[in-house]
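Contents: one structure, followed by commentary.
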There are 2 protein chains.
Amino acid sequence: MVDRIDRQILALLQEDAQLTIQEIGKRINLSKTPVHERIKRMERDGIIEKHVTLLNKKKLGNLLVVFCQVTLAKQTRDSFFEFDRAIAQLPEVMECNRVSGTFDYLLKVVVRDMENYNAFYQERLSVLPGILHISSFFVMAEVKNTTVIPVEE
Amino acid sequence: MVDRIDRQILALLQEDAQLTIQEIGKRINLSKTPVHERIKRMERDGIIEKHVTLLNKKKLGNLLVVFCQVTLAKQTRDSFFEFDRAIAQLPEVMECNRVSGTFDYLLKVVVRDMENYNAFYQERLSVLPGILHISSFFVMAEVKNTTVIPVEE
DNA sequence: GTTGAAACCGGTTGTCT
DNA sequence: AGACAACCGGTTTCAAC
């Protein structure tokens, strides 16, 4: 589905989506045409999902990041479905994963400050249907945070 | 530092970095010039960090995502510093946050499959200096995963 | 902040190997 | 599948309002 050259292109684009096609070609020793074709093909196939702008949290006023472990009262299909649907609507929730282990969901939440977190917690999160328990872990330092999925060996 | 119009631009660019300046202008009722100026200013100020390409994990062969809770043997400044430096080198680690609570770090790890995770766990993670304990939680379903930081109220 | 114009550069397409 | 050339669209810069 993706060969070695595709992976090289993906590695570059994941770091910087603004690289020009010629620049990419220069780095992997290829002319514009095949680079262009490969990118278009991977966009059509959905391997390349989209191009986004990343912002600096610190410059936006040192936002508060919180991880929440959520346990539902019932581990049924409908219960999960309800929660999934509700959580997708909350802009403060940047990530939500259903996990194996001692709780059901792990959420990554971003808010402006503790006051906003309290409001989010009380008024938007804990009121969701089927929740039994929530544990919050506050991020003190962001050591690493990349969008780069390793594609090369 | 950023006004209402800046926030509108950031909201759009976070969703799609390929929007043309005129298209952005049309959506927020502004001409090319000021939109261009504001974006350039926010890039200079570092509010806009970079533009990246996001890939589809499923299309890359259904990668395995694992969250790891890591506890260090000693909670000293040097111990943290050593670990921070080491973890930044591992491409499998997409996120690493130092958190408050019953463990020190929460990691988000991406690997191809369980075999690769085992190798990563044994040969690359558990050998890091100062580690006392690691707990792994496997992601069964990615409910939500966005890079969009909420900037509008 | 708006409008309009001009230069430049990269994406895009077609053709050839 | 890759190289080359020509076209077109958007960015970028400028001037004037």
Side-chain angles (χ1 to χ4, degrees), chain A residues 1-61 146-153, chain B residues 1-61 63 112 146-153:
Chain A
M1 196 146 189
V2 289
D3 63 13
R4 214 188 98 266
I5 297 176
D6 288 336
R7 282 179 213 279
Q8 291 182 324
I9 295 173
L10 292 177
L12 291 170
L13 285 177
Q14 281 194 104
E15 298 282 357
D16 182 4
Q18 304 217 95
L19 282 175
T20 64
I21 288 181
Q22 348 191 43
E23 179 59 31
I24 295 171
K26 202 154 70 180
R27 301 217 195 158
I28 63 175
N29 291 315
L30 226 55
S31 70
K32 289 164 69 174
T33 318
V35 176
H36 181 250
E37 266 175 1
R38 284 166 182 274
I39 292 174
K40 284 298 150 193
R41 192 196 73 236
M42 292 191 284
E43 283 176 353
R44 272 198 308 277
D45 294 350
I47 296 168
I48 291 179
E49 205 148 77
K50 55 173 166 174
H51 304 274
V52 302
T53 299
L54 301 184
L55 310 184
N56 185 321
K57 274 202 264 294
K58 285 204 171 70
K59 296 285 171 67
L60 289 171
T146 181
T147 55
V148 178
I149 298 169
V151 288
E152 293 183 303
E153 359 287 64
Chain B
M1 195 147 190
V2 288
D3 63 13
R4 214 187 98 264
I5 296 175
D6 288 336
R7 282 178 213 279
Q8 291 181 322
I9 295 174
L10 291 177
L12 291 170
L13 285 177
Q14 281 194 106
E15 298 281 359
D16 183 1
Q18 303 217 96
L19 284 174
T20 64
I21 290 181
Q22 349 191 41
E23 180 58 31
I24 295 172
K26 200 155 74 182
R27 300 215 196 160
I28 63 175
N29 292 316
L30 224 56
S31 69
K32 289 160 66 174
T33 319
V35 174
H36 183 248
E37 268 172 0
R38 283 166 182 275
I39 292 174
K40 284 299 151 194
R41 192 196 72 235
M42 292 192 282
E43 282 176 354
R44 274 198 308 277
D45 294 349
I47 295 167
I48 291 179
E49 205 149 78
K50 55 174 169 175
H51 304 272
V52 301
T53 299
L54 301 184
L55 309 184
N56 185 321
K57 276 201 263 298
K58 286 205 170 72
K59 296 284 172 68
L60 288 170
L63 302 174
R112 251 213 311 281
T146 180
T147 55
V148 177
I149 299 170
V151 288
E152 293 184 301
E153 3 283 66

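Note: hydrogens, waters and symmetry copies are ignored here, and every other heavy atom, side chains too, is used. If you're wondering where the values come from, they're calculated on a predicted model, not measured in any experiment. Naming: A, B, ... by sequence-line order, numbering from 1 per chain.
- Within the structure, the side chain to side chain donor-acceptor pair (under 3.5 Å) test picks out the following pairs touching residues 6-20 of chain B (sequence neighbours left out): B/D6-B/R38, B/D6-B/R41.
- Taking the salt bridge (charged side-chain N to carboxylate O under 4.0 Å, His left out) definition, one finds that A/K57 meets it with A/E142, sequence neighbours left out.
- The side chain to side chain donor-acceptor pair (under 3.5 Å) pairs that include a residue from residues 21-33 of chain A are A/E23-A/R27, where partners are two or more places apart or lie in different chains.
- With sequence neighbours excluded, the residues satisfying side chain to side chain donor-acceptor pair (under 3.5 Å) with B/K40 are B/E43.
- The CD atom of A/E37 sits 10.5 Å away from the CD1 atom of A/I21 when rounded to the nearest 0.5 Å.
- Pairs of Watson-Crick or G-U wobble type, with distances under 3.5 Å, assemble into runs of 3 or more in DNA chain C at these ranges: C:1-10 with D:8-17, C:12-17 with D:1-6.
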Notebook entry, point to check: In the 5'-to-3' direction, what one-character label does each nucleotide of nucleotides 1-13 of chain D receive under the scheme B = base within less than 4.0 Å of a protein heavy atom, S = sugar-phosphate only, - = no such atom?
Noted result: -SBB-----SBBS
Margin query: Could you go through B/T147 and B/V52, starting from their C-alpha distance and side-chain angles, then the distance that decides it, and tell me whether this counts as side-chain contact (heavy atoms from CB on, under 4.5 Å)?
Written below: CA-CA 10 Å; B/T147 55; B/V52 301; over 6 Å; no
Check: What do the steps show when you test B/L13 against B/I39 for side-chain contact (heavy atoms from CB on, under 4.5 Å), and what is the final call?
Finding: CA-CA 10 Å; B/L13 285 177; B/I39 292 174; 4.1 Å; yes
